[in-house]
Trainee: 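The structure follows.
In this chain, numbering begins with 1 at the start of the sequence shown.
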Amino acid sequence: MLVAAAICPCPPLLVPEVAAGAAPELDGLRAACLDAVGVLAAARPDRLIVLGPAEQAGRGPHPQGALGSFRGFGVDLEVSLGATDDEAPERELPPSLAVGAWLLTRADWDDAPVEGLGVGEPLTRDRCLPVGRELAASAPRIALLVMGDGSARRSVKAPGYFDERAEGFDAAAARALGSADTAALTSLDEELAADLQASGRACWQVLAGAAQGADLHGELLHEEAPYGVGYFVAAWS
């Protein structure tokens with residue numbers, strides 16, 4: 001059963017070593033993410049699962065101890081998904097899960113075993129919901145750290161350039177995440193999310209499936225779009 005969830009964005013710039021001189025611009029976002037992870041610890045889960053959008057090579061399960069790095073972003077920094085053993089898995093974490101692993105390291109996470117799940121952004125809601133239900137049923141007390149961004153088309157300098165629909169989509173997503181509204185998350189338009197380059201849509205809908213019947217309370221801890229990309233932080237408990 002799902003007992004808590006933290007929703008965080010996954011830009012590599014969240015990692016100060018990657019952001020370098022621009023790191024202070026996201027200090028508030030980092031602090032909110034760590035607050036959300038604290039909610040997970042307080043729920044005393046049996047298992048924590050980190051969800052994040054992933055390209056084909058990174059999709060599927062990633063066991064505890066899986067490694068990720070930020071070398072692709074010009075920084076020689078490696079992170080581990082929870083505690084490592086002598087034989088770390090060969091498959092590298094996708095960037096979104098590497099950011100999640102970095103957050104857990106910053107939070108000194110040792111409250112429960114950790115696993116990762118790379119989710120394909122094109123995954124339809126009809127497939128997302130049962131994946132979430134299966135995750136929620138995998139242990140008596142499950143917590144989720146859900147990584148993913150809103151639209152990447154909030155301004156002319158955004159990665160996907162400006163789209164006038166982006167602000168409305170992000171506002172609806174923020175309301176749903178902030179109120180733990182599983183029906184509203186489920187109803188997010190898949191095609192519109194893809195057009196707006198909203199990487200979090202599929203992961204949010206997996207969360208909606210996991211939370212069905214859990215009666216969780218949500219709180220939106222932070223919202224901003226500093227680089228034309230919607231970033232949301234929320235906690236469900």
Side-chain angles (χ1 to χ4, degrees), residues 2-19 23 25-43 45 48-54 58 62 68 70 73 79 81-82 93-109 111-112 114-119 121 132 135 142-152 170 173-180 185 188 193 197-208 210-211 216-227 229-237:
L2 184 68
V3 295
I7 299 94
C8 296
C10 56
L13 289 174
L14 202 60
V15 179
E17 291 88 343
V18 176
E25 297 176 10
L26 295 182
D27 280 349
L29 185 64
R30 290 186 196 94
C33 289
L34 292 174
D35 287 344
V37 172
V39 171
L40 301 181
L48 172 64
I49 302 174
V50 186
L51 307 179
H62 295 265
F70 297 95
F73 304 96
V79 291
L81 188 65
L93 295 171
S96 65
L97 296 188
V99 174
W102 176 84
L103 279 175
L104 294 176
T105 299
R106 283 290 289 264
D108 295 323
W109 179 270
D111 299 87
V114 184
E115 302 170 15
L117 181 65
V119 179
E121 290 181 43
L135 294 178
I142 285 287
L144 297 180
L145 173 55
V146 183
M147 312 299 295
D149 301 339
S151 173
D170 279 358
R175 284 194 301 271
L177 293 170
S179 58
L185 286 178
L188 290 175
Q197 301 178 13
S199 70
R201 189 274 310 167
C203 291
W204 300 337
Q205 290 182 332
V206 171
L207 168 62
L216 298 181
H217 168 76
E219 180 181 3
L220 188 66
L221 303 179
H222 196 88
E223 177 185 3
E224 63 175 304
Y227 309 118
V229 183
Y231 297 148
F232 319 117
V233 182
W236 295 13
S237 61

Trainee: Looking at CG of Leu40 and CD1 of Ile142, how far apart are the two atoms once the value is rounded to the nearest 0.5 Å?
Mentor: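 So the gap between those two atoms works out to 11.5 Å.
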Trainee: Please check this pair: side chain of Gln205 against backbone of Leu188, looking for a donor-acceptor N/O pair closer than 3.5 Å.
Mentor: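 Confirmed, Gln205 side chain pairs with Leu188 backbone.
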Trainee: Spell out, as yes or no, whether a donor-acceptor pair under 3.5 Å connects the side chain of Ser151 to the backbone of Asp170.
Mentor: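 No; judged by distance alone, with no hydrogens or angles, the pair does not exist.
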Trainee: Apply side-chain contact (heavy atoms from CB on, under 4.5 Å) to Val50 and Val114, showing your working.
Mentor: CA-CA 7 Å; Val50 186; Val114 184; 3.9 Å; yes
Trainee: Determine the minimum heavy-atom distance between Cys10 and Asp149, stating which atoms define it.
Mentor: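 In terms of heavy atoms, the two residues are closest at N-OD1, 2.8 Å.
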Trainee: Is the closest side-chain heavy-atom distance between Pro94 and Met147 below 4.5 Å?
Mentor: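 Not touching, per the 4.5 Å side-chain cut-off.
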Trainee: Could you give the distance from CG (Leu104) to SG (Cys33), rounded to the nearest 0.5 Å?
Mentor: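 Here the interatomic distance stands at 11.0 Å.
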Trainee: When rounded to the nearest 0.5 angstrom, what distance separates CZ in Phe232 from CZ in Arg175?
Mentor: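 Output value for this atom pair is 10.5 Å.
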Trainee: Search all heavy atoms of Pro53 against all heavy atoms of Glu121 and return the closest pair with its distance.
Mentor: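 Closest approach of Pro53 to Glu121: CB-CG, 3.8 Å.
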Trainee: Considering only heavy atoms from C-beta outward, does the side chain of Leu2 approach that of Leu207 to under 4.5 Å?
Mentor: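 The answer is yes, as the side chains (C-beta and beyond) meet within the 4.5 Å cut-off.
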Trainee: In Å, rounded to the nearest 0.5 Å, how long is the span from CG of Leu145 to CG of Leu51?
Mentor: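 It is 8.0 Å, given to the nearest 0.5 Å.
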Trainee: Would Val146 and Val206 count as a side-chain contact (heavy atoms from CB on, under 4.5 Å) if you check the C-alpha gap in whole Å, the side-chain angles of each, and the deciding distance to 0.1 Å?
Mentor: CA-CA 9 Å; Val146 183; Val206 171; over 6 Å; no
Trainee: Just do the side-chain contact (heavy atoms from CB on, under 4.5 Å) check on Phe70 and Val79 with the steps written out, would you?
Mentor: CA-CA 9 Å; Phe70 297 95; Val79 291; 4.0 Å; yes
Trainee: Minimum heavy-atom separation for Pro45 and Ala41, please, with both atom names.
Mentor: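 Residues Pro45 and Ala41, closest heavy atoms: CD-O, 4.4 Å.
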Trainee: How close do Gly116 and Leu81 get, heavy atom to heavy atom, and via which atoms?
Mentor: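 Taking Gly116 first and Leu81 second, the nearest heavy atoms are N-CD2, 3.4 Å.
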Trainee: Using the side-chain contact (heavy atoms from CB on, under 4.5 Å) rule, take Val39 and Trp236 through it: C-alpha gap first, then chi angles, then the decisive distance, then the call.
Mentor: CA-CA 8 Å; Val39 171; Trp236 295 13; over 6 Å; no
Trainee: For the residue pair Tyr227 and Tyr231, categorise the inter-ring angle as parallel (less than 30°), tilted (30 to 60°) or perpendicular (more than 60°).
Mentor: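 Tyr227 and Tyr231: perpendicular rings.
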Trainee: Any chance you could measure Leu34, atom CG, to Leu221, atom CG, to the nearest 0.5 Å?
Mentor: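 Answer for the CG-CG pair, Leu34 versus Leu221, is 11.5 Å.
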Trainee: Looking at Arg30 and Leu13, what are the two nearest heavy atoms and their distance?
Mentor: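 Shortest heavy-atom separation between Arg30 and Leu13 comes out as NH2-O, 3.3 Å.
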Trainee: CG of Leu117 to CG of Leu97: how many Å apart, nearest 0.5 Å?
Mentor: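 Output value for this atom pair is 8.0 Å.
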Trainee: What pair of heavy atoms forms the shortest contact from Ala36 to Cys8, and how long is it?
Mentor: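 Residues Ala36 and Cys8, closest heavy atoms: CB-SG, 4.4 Å.
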